[in-house]
Novice: 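Here you go, one structure.
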Amino acid sequence: MGRPTNPLLSREAIALTALDLAAEEGPDALTMRALAARMGVRGPSLYNHISSKDDLLDAMTAQISREMDHSGLESDDWRSGLAAYARSYRQVFLRHHGILPVVARRPVQTPEALAGYDALARALVRWGLPDAETAEVSAAFDYLVLGSVLETYTAGFIRTPDGYRPEYPGLADSLEAADAAAPDGLAGLDERGFERGLRLLLDGLAVRLGPTPSA
């Protein structure tokens, strides 16, 4: 018996293809018909694995969660552990940025996503944060990571720094200094802005958690 022309369908394969489609063409292009065409199958065959558009979004969310590296949350060094967690979180969503505006406003309901939030909450408590503060800190990481993916700071400023003078001298000075501050100049400002925000968030947590074992 010959091998099938198309790879066997699975929930994971459908989710991965849907993530690629959303990244390339945007979330509005994500239809079951377009997904079936991309996978080279007939539309009804998808429904053996995915029951609806909401179910598809759940499968995509689960796939994103599986790609995140939560191993930093097992570290005894809370600062390096949280930094590794936040960077992995961001890198995964940078790969799948096309679907972020949709999934970011959906209920957290897949076991994979819930397990990730649970791991963060348990790690924060183990490191010494009171239970009453863990949800707020978890939300702060969401705001930093997802906000840095949804918005590119540098793309909002299409002129050179001098192009904002003399009307906006403070902005011009800020952009000019950022351009001169590092080899990648304004091109790397989005990455540096995320890292600055992460350091500030971790510095604030140091007041609550104390120095790391290596400090």
Side-chain angles (χ1 to χ4, degrees), residues 6-39 41 43-75 81-127 129 131-151 194 198 201:
N6 296 310
L8 294 177
L9 286 177
S10 69
R11 190 174 175 86
E12 181 177 345
I14 294 170
L16 286 168
T17 303
L19 286 167
D20 288 343
L21 178 61
E24 294 170 17
E25 301 184 25
D28 290 342
L30 194 60
T31 66
M32 298 299 272
R33 176 176 295 180
L35 189 54
R38 175 167 287 221
M39 299 190 78
V41 299
S45 62
L46 297 180
Y47 288 100
N48 293 324
H49 305 273
I50 301 291
S51 62
S52 64
K53 180 68 173 290
D54 279 341
D55 192 31
L56 175 62
L57 292 172
D58 280 344
M60 295 166 72
T61 301
Q63 178 60 35
I64 290 169
S65 299
R66 283 193 293 269
E67 293 180 20
M68 289 176 57
D69 182 0
H70 293 95
S71 61
L73 301 178
E74 301 171 7
S75 173
L82 282 173
Y85 160 80
R87 289 171 183 141
S88 172
Y89 191 174
R90 181 169 182 261
Q91 286 304 312
V92 169
F93 268 105
L94 283 172
R95 288 198 299 272
H96 302 307
H97 61 88
I99 200 61
L100 178 56
V102 177
V103 300
R105 293 193 173 275
R106 299 186 77 243
V108 180
Q109 57 192 6
T110 67
E112 293 84 354
L114 290 167
Y117 282 104
D118 180 72
L120 176 58
R122 286 186 289 106
L124 290 169
V125 171
R126 177 168 54 82
W127 287 323
L129 194 71
D131 281 311
E133 299 178 27
T134 58
E136 294 174 358
V137 170
S138 179
F141 274 95
D142 266 12
Y143 301 148
L144 173 65
V145 171
L146 300 183
S148 74
V149 175
L150 282 168
E151 179 185 7
F194 166 76
L198 179 57
L201 179 52

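The structure presented is a predicted model; accordingly, all values stated were derived computationally and were not measured.
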Novice: Evaluate the side chain to side chain contact (heavy atoms under 4.5 Å, CB included) criterion for residues N48 and L9: first the C-alpha distance (whole Å), next the side-chain angles of each, then the deciding distance (0.1 Å), finally the verdict.
Specialist: CA-CA 9 Å; N48 293 324; L9 286 177; over 6 Å; no
Novice: Should L56 and L30 count as side-chain neighbours, where that means a heavy-atom distance under 4.5 Å?
Specialist: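 Yes, at least one pair of side-chain atoms sits under 4.5 Å.
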Novice: Is any side-chain heavy atom of I99 closer than 4.5 Å to one of L57?
Specialist: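 With C-beta onward as the side chain, the pair touches.
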Novice: Any side-chain heavy-atom pair from K53 and M32 closer than 4.5 angstrom?
Specialist: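 The answer is no, as the side chains (C-beta and beyond) never meet within the 4.5 Å cut-off.
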Novice: Check R11 with D55, please: is the shortest side-chain N to carboxylate O separation under 4.0 Å?
Specialist: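 Counted as a salt bridge, because a side-chain N and a carboxylate O are separated by less than 4.0 Å.
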Novice: Would you mind reporting whether Y117 and D142 have side-chain heavy atoms less than 4.5 Å apart?
Specialist: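 D142 vs Y117: side chains touch.
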Novice: So, the side chain of S88 versus the backbone of A84: is there a donor-acceptor pair under 3.5 Å, distance only?
Specialist: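 Between the backbone of A84 and the side chain of S88 there is no qualifying donor-acceptor contact (under 3.5 Å).
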Novice: Can you tell me how far CZ of F141 sits from CZ of R90, rounded to the nearest 0.5 angstrom?
Specialist: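 Spacing of CZ (R90) from CZ (F141) equals 14.0 Å.
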Novice: Would you say S75's side chain and G81's backbone share a donor-acceptor pair under 3.5 angstrom?
Specialist: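 Checked: no pair found.
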Novice: Which heavy atom in E112 sits nearest to a heavy atom in S65, and how many Å separate them?
Specialist: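 Looks like CB-CB, 3.7 Å.
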Novice: What are the two closest non-hydrogen atoms of F194 and A86, and how far apart are they?
Specialist: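 In this case the closest contact between F194 and A86 is CZ-O, 4.0 Å.
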Novice: Answer yes or no: is there a side-chain heavy-atom contact under 4.5 Å between Q63 and H96?
Specialist: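 A side-chain contact is absent here, since even the closest heavy-atom pair is not under 4.5 Å.
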Novice: What are the two closest heavy atoms between P27 and G98, and how far apart are they?
Specialist: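 Nearest pair, atom of P27 first, then G98: CD-O, 3.2 Å.
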Novice: Minimum heavy-atom separation for A22 to M60, with atom names?
Specialist: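 Taking A22 first and M60 second, the nearest heavy atoms are CB-CE, 4.5 Å.
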Novice: Taking R126 for the side chain and L73 for the main chain, is one N or O donor matched with an acceptor at less than 3.5 Å?
Specialist: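 Confirmed, R126 side chain pairs with L73 backbone.
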Novice: Using 0.5 Å steps for rounding, measure from the CG atom of L46 to the CZ atom of R33.
Specialist: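 L46 atom CG to R33 atom CZ measures 12.0 Å (nearest 0.5 Å).
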Novice: Work out which heavy atom in A59 is nearest to a heavy atom in A15; give both atom names and the distance.
Specialist: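 Shortest heavy-atom separation between A59 and A15 comes out as O-CB, 3.6 Å.
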Novice: With a 4.5 Å cut-off on side-chain heavy atoms, are L124 and L82 touching?
Specialist: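 They are in side-chain contact.
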Novice: Taking the side chain as every heavy atom from C-beta outward, state whether V103 and F93 have any pair of such atoms under 4.5 Å apart.
Specialist: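 Contact flag for V103/F93 side chains = yes.
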Novice: Does the side chain of D54 come within less than 4.5 Å of R106's, by heavy atoms?
Specialist: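 Of all side-chain heavy-atom pairs linking D54 with R106, at least one is under 4.5 Å.
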Novice: I need the L100 CG to I64 CD1 distance, nearest 0.5 Å.
Specialist: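 L100 atom CG to I64 atom CD1 measures 8.0 Å (nearest 0.5 Å).
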Novice: CG/L16 to CG/L21 distance, rounded to the nearest 0.5 angstrom?
Specialist: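 Going from the CG atom of L16 to the CG atom of L21 covers 12.5 Å.
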Novice: With rounding to the nearest 0.5 Å, note down the distance linking CG in L19 to NE2 in H97.
Specialist: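 It comes to 11.0 Å.
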Novice: Which heavy atom in A113 sits nearest to a heavy atom in V108, and how many Å separate them?
Specialist: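 For A113 versus V108, the nearest heavy atoms are CB-CG1, 3.9 Å.
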Novice: Roughly how far, to the nearest 0.5 Å, is the CE atom of M39 from the OG1 atom of T17?
Specialist: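 CE of M39 is found 3.5 Å from OG1 of T17.
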